[in-house]
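For reference, the structure is listed below as structure tokens.
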Amino acid sequence: MKKFKRHLVTSALPYANGPVHIGHLAGVYVPSDIYVRYLRLRGEDVVWVCGSDEHGVPITIKARQEGVTPQDIVDKYHYMIKSSFEGLGISFDIYSRTTSATHHKTASDFFRTLYDKGEFTEKTTMQFYDEEAKQFLADRYVMGTCPHCQNDKAYGDQCESCGTTLNSIDLINPRSAISGSVPVMRETKHWYLPLDKHEPMLRKWILDGHKEWKANVYGQCKSWLDLGLQPRAVSRDLDWGIPVPVEGAEGKVLYVWFDAPIGYISATKDLTPDWEKYWKSEDTKMVHFIGKDNIVFHCIVFPAMLHAHGEYILPENVPGNEFLNLEGDKISTSRNWAVWLHEYLEDFPGKEDVLRYVLCANAPETKDNDFTWKDFQARNNNELVAVLGNFVNRALVLTQKYYEGAVPAMGELTQYDKDILSELPEIKSAVEENIENYRFREALKEAMNIARLGNKYLADTEPWKLIKTDPERVKTIMNIALQITANLAIVVEPFMPFTSAKILKMIGKEPFGWDALGRTDLLAAGHVIAEPQLLFEKIEDSVIEAQLEKLAASRKANAAKENGKKIEEQKGSVSFDDFGGMDIRVATVLEAEKIAKTKKLLKLTIDTGIDKRTIVSGIAEHYEPADLVGKQILVLVNLEPRELKGVMSQGMILMATDPSGKMVVVSPTEKMPNGAVIG
RNA sequence: GGCGAGAUAGCUCAGCUGGUUAGAGCGCAUGAUUCAUAAUCAUGAGGUCCGGGGUUCAAGUCCCCGUCUCGCUACCA
């Protein structure tokens, strides 16, 4: 077991094109906050960095849509994200941003170092160029007609109408999304990071050296390594980002995946002049907290970059969590299906810890989990209020009642007292072990056991009865109950810092530090505690219903949007001759079979009346092969043949597609002879 | 199609390298209790451990074949 002198913790950089939601929190920020707070309480040397990821194409698109500059967009969300994190008590040592001057210089220098060391390869490719706007067009900037569903507003990377993944060269009638002009193909040079070169190092480091990583993380890495790594472009043609610091690279910026993780380094630089100690000493333990979508970047790509650079350490662990769903559906920013942090903070003032608690207790550590408002309410009412809040309240209220707030002296302990107190150190080590192994859900459960222990102790010793017969004994009981309360203030801090502070305030103490956990002399006899206040309050049904209505509204809005989107605009007019050039016929499906190793492709043998021919069609998700046999369909028979997965496709089947992407074949309403002409 | 992860009580999850009657929290039922936000405490009911084969003295745990969910990836004229 390696011994470390200090910790460097990073949390995935939120992308600055939208606010933060509970999915981000449960997967990344709440767990990492717990981890870091724990380390700090232990007095460890720890630095925790994060910041907004502000480059990349989606931000420029969003800016254009809203008619503002990319800088406007990132400013808006950066500050919004930053302040909502603070509101929830997410305690980064620094929350930086990738548009900062420090970052531009750091990323630029990093690139330059790799460039000078010959760590990149160069490749020239053909890409769409907009002569009017004088710039190369990223896939997202090319629009055209989707070859699949004929939607004429498809983007070069994806058709939003049918969800198909595309390449910009696939689009029919491509046009520039910037100027609307027809783009031309032009040569462009880019730099690549040859990941394959680092494969042996990565293999040894991860597959041999880090078998303790979470199953999902390790498995994903193994999968990538076994598939064989490919060189990856580190630059692209765009005007938003960090310019490639090489002569002759005008109009090119660093690819966002390359600049973003360097943001961790830049943030550390902004935080402390000692930053190198954290990034370049083997006795620093670096941990990346991320979601599962980021595994490859943090386990393969970024380590390869750091290794290529040569001076940096690699992460000791990369706890990647799964995803959180909301009320049974995937969280989605574009569909507004989310609980937004900034809205939660407004709707639930003073209930920061409730959200922290629920998200930790239900964190998607081993598989995707579901957040429901009903569960939120139940955990608040049945666990926080009934177990934790209630215990603290009864201990403090009884102390007020019997001793006017002055802590009574601990007398002689019974065996039962000793048994109860001996559980505290056991819980302490259980919490420690779980946190150190990134099992925060279990750690929280153990922490709550201290409150359960307290409730049980009071129920078993019944001080409210004994006060009449044996007041001396009650002093000891209440002293113990108060010591347990003080222990709660400690153990709860990483998970629920606001609650911890409230307890400390009520018992009139300063933070104890983690090592004090388990001690039974935290409150001296005679110390006077403050008037008790409730830590948590019940959440009524109406509150939950209001949140559910909010979600229902966004579901409704989405449906309306879908409907609005439903009817595509009419396309530009075509001449009668153009239409006449298309030869569409009635045909009958003779045979149908799935093409092996594909998900969507069916190979159909059809009788067109003219001949019997083969057509490949991407409808395997909509039809069982057997269901098509014997059906009459319409076929564009004079479309240029095209080879798909090794099969020649001679023509295209006409399909009707609804906005959800569902497809049905089009048939004549009455049986017609094969070869009958449509027109 | 390939790859990765998951599938265990009504719900959310533990079960490490195979070993006595499969565990926890919540919910539910019954009882106790009243200091406490009708909170607490005790007891109990609830499980073909996704399905089917196999290895073994012994399988939730290992192997093979399926099914379903999530993610990555190829294909979509």
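Note on naming: letters A, B, ... go to the chains in the order of the sequence lines (proteins, then strands), and numbering restarts at 1 for each one.
Of all nucleotides listed (B:C3, B:C70, B:A36), B:C70 comes nearest to the side chain of A:K292. When the nucleotides B:U34, B:G4, B:U12 are ranked by their closest atom to the side chain of A:Q220, B:G4 comes out on top. Closest contact between the side chain of A:K538 and the listed nucleotides B:U33, B:U37, B:G71 involves B:U37. Set against B:G27, B:G71, B:A14, the side chain of A:F323 has B:G71 as its closest nucleotide.
We find that A:E462 and A:K465 are joined by a salt bridge, their nearest charged nitrogen and carboxylate oxygen being less than 4.0 Å apart. Using a 4.0 Å cut-off between a side-chain N of Lys or Arg and a carboxylate O of Asp or Glu, A:E591 and A:K603 do not qualify as a salt bridge. A salt bridge links A:K292 to A:D368: at least one charged side-chain nitrogen sits closer than 4.0 Å to a carboxylate oxygen. Salt bridge A:K428/A:E432: present, at least one basic N to carboxylate O contact under 4.0 Å.
In this structure, B:A14 forms no base pair with any nucleotide, since neither Watson-Crick nor G-U wobble geometry is met with both distances under 3.5 Å. Under the Watson-Crick or G-U wobble criterion, with both distances below 3.5 Å, B:U21 has no partner in any strand shown. If you check B:U69 for Watson-Crick or wobble pairing at under 3.5 angstrom, you find it paired to B:A5. B:G27 is unpaired under the Watson-Crick or G-U wobble criterion, no partner having all donor-acceptor distances under 3.5 Å. When both pairing distances are held under 3.5 Å, B:C35 makes no Watson-Crick or G-U pair with any nucleotide shown. Across every strand in view, B:U48 sits unpaired, with no contact that passes the Watson-Crick or G-U test at under 3.5 angstrom. Across all strands shown, B:U56 forms no Watson-Crick or G-U wobble pair with both distances under 3.5 Å.
Taking atom CG of residue A:D368 and atom P of nucleotide B:C70, one finds them 9 Å apart after rounding to whole Å. Atom CG of A:L229 is separated from atom P of B:C3 by 18 Å (rounded to the nearest Å). Summarising the geometry, the separation between CG on A:D370 and P on B:C26 is reported as 21 Å, rounded to the nearest angstrom. One interatomic measurement links the two molecules: CG of A:D460 to C1' of B:A42, which rounds to 9 Å at whole-angstrom precision. What separates CZ of A:F297 from P of B:G71 is a distance of 17 Å, to the nearest Å. A straight line from CG of A:L535 to P of B:U37 spans 13 Å, rounded to a whole angstrom. Rounding to whole angstrom units, NZ of residue A:K367 and C1' of B:C68 are separated by 13 Å. In this structure, CD of A:E365 is placed 14 Å from P of B:A7, rounded to the nearest angstrom.
Nucleotides B:U56 and B:A14 have their P atoms positioned 32 Å apart, rounded to a whole Å. Across B:G19 and B:G10, the matching C1' atoms stand 31 Å from one another, rounded to whole Å. Here the separation of B:G27 from B:C11, taken at their P atoms, is 15 Å to the nearest Å. For the P atom pair drawn from B:C49 and B:G23, the interatomic distance equals 14 Å after rounding to whole Å. Comparing B:C3 with B:A9, their P atoms are spaced 29 Å from each other, to the whole Å. Taking atom P in both B:U48 and B:C63, the straight-line distance is 25 Å, to the nearest Å. The same atom, C1', is picked in B:G25 and in B:G46; the two are 15 Å apart, to the nearest Å. For the C1' atoms, the distance from B:A29 to B:A45 is 7 Å, rounded to whole Å.
A distance of 11.0 Å separates CH2 in A:W257 from CZ in A:F302, rounded to the nearest 0.5 Å. With rounding to the nearest 0.5 angstrom, the NZ atom of A:K401 is 10.5 Å from the CD1 atom of A:I467.
Across all strands, A:S617 comes closer than 4.0 Å only to sugar-phosphate atoms, never to a base (heavy-atom distances). Counting non-hydrogen atoms under 4.0 angstrom, A:K330 reaches the backbone sugars and phosphates but no base. Counting any heavy atom pair closer than 4.0 Å across all strands shown, A:V296 reaches no nucleic acid atom. A:Y218 comes within contact range of no nucleotide atom at all, as no heavy-atom separation falls under 4.0 Å. Nucleic acid contact class of A:K465 (heavy atoms, under 4.0 Å, all strands): sugar-phosphate only. Among the protein residues, A:A386 comes within range of the sugar-phosphate backbone only, with heavy atoms under 4.0 Å from sugar or phosphate atoms but none that close to a base.
With no hydrogens or angles considered, no side-chain donor-acceptor pair links A:D419 and A:S422 at under 3.5 Å. Counting only N and O atoms by type, the side chains of A:E446 and A:N434 include no donor and acceptor under 3.5 Å apart. With 3.5 Å as the limit, one finds a donor-acceptor pair spanning the side chains of A:Q377 and A:D541. Under the 3.5 Å distance criterion, with hydrogens and angles disregarded, a donor-acceptor pair is assigned to the side chains of A:D417 and A:Y457.
Applying a 4.0 Å cut-off to non-hydrogen atoms, the residues of residues 391-399 of chain A that approach RNA chain B are A:N393, A:R394, A:V397, A:L398, listed by residue number. For the contact set between residues 443-459 of chain A and RNA chain B, defined by any heavy atom under 4.0 Å, the members are A:K445, A:R452, A:N455, A:K456, A:A459.
Neither OP1 nor OP2 of B:C35 sits under 4.0 Å from any side-chain N or O of A:T461. Between B:U37 and A:N381, no contact under 4.0 Å exists linking OP1 or OP2 to a side-chain N or O. The shortest distance between the side-chain N/O atoms of A:K374 and the OP1/OP2 oxygens of B:G27 is not below 4.0 Å.
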Handout entry: Audit row: A:Q230, A:Y192, side-chain hydrogen bond (donor to acceptor under 3.5 Å, both in side chains) steps and yes/no
Key = CA-CA 10 Å; A:Q230 303 295 321; A:Y192 290 72; over 6 Å; no

Exercise for the section: With side-chain contact (heavy atoms from CB on, under 4.5 Å) as the test, would you mind laying out the steps for A:L384 and A:R379 before giving the verdict? Expected result: CA-CA 7 Å; A:L384 291 178; A:R379 286 191 186 274; over 6 Å; no

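Remark: aromatic rings of A:F297 and A:W224 are distant, center separation not under 6.0 Å.
Checking A:S223 against A:N325, the closest nucleotide of RNA chain B that is more toward the 5' end is the one next to A:S223.
Shown here, B:G27 is classed anti by the O4'-C1'-N9-C4 or O4'-C1'-N1-C2 angle, which is more than 90° from 0.
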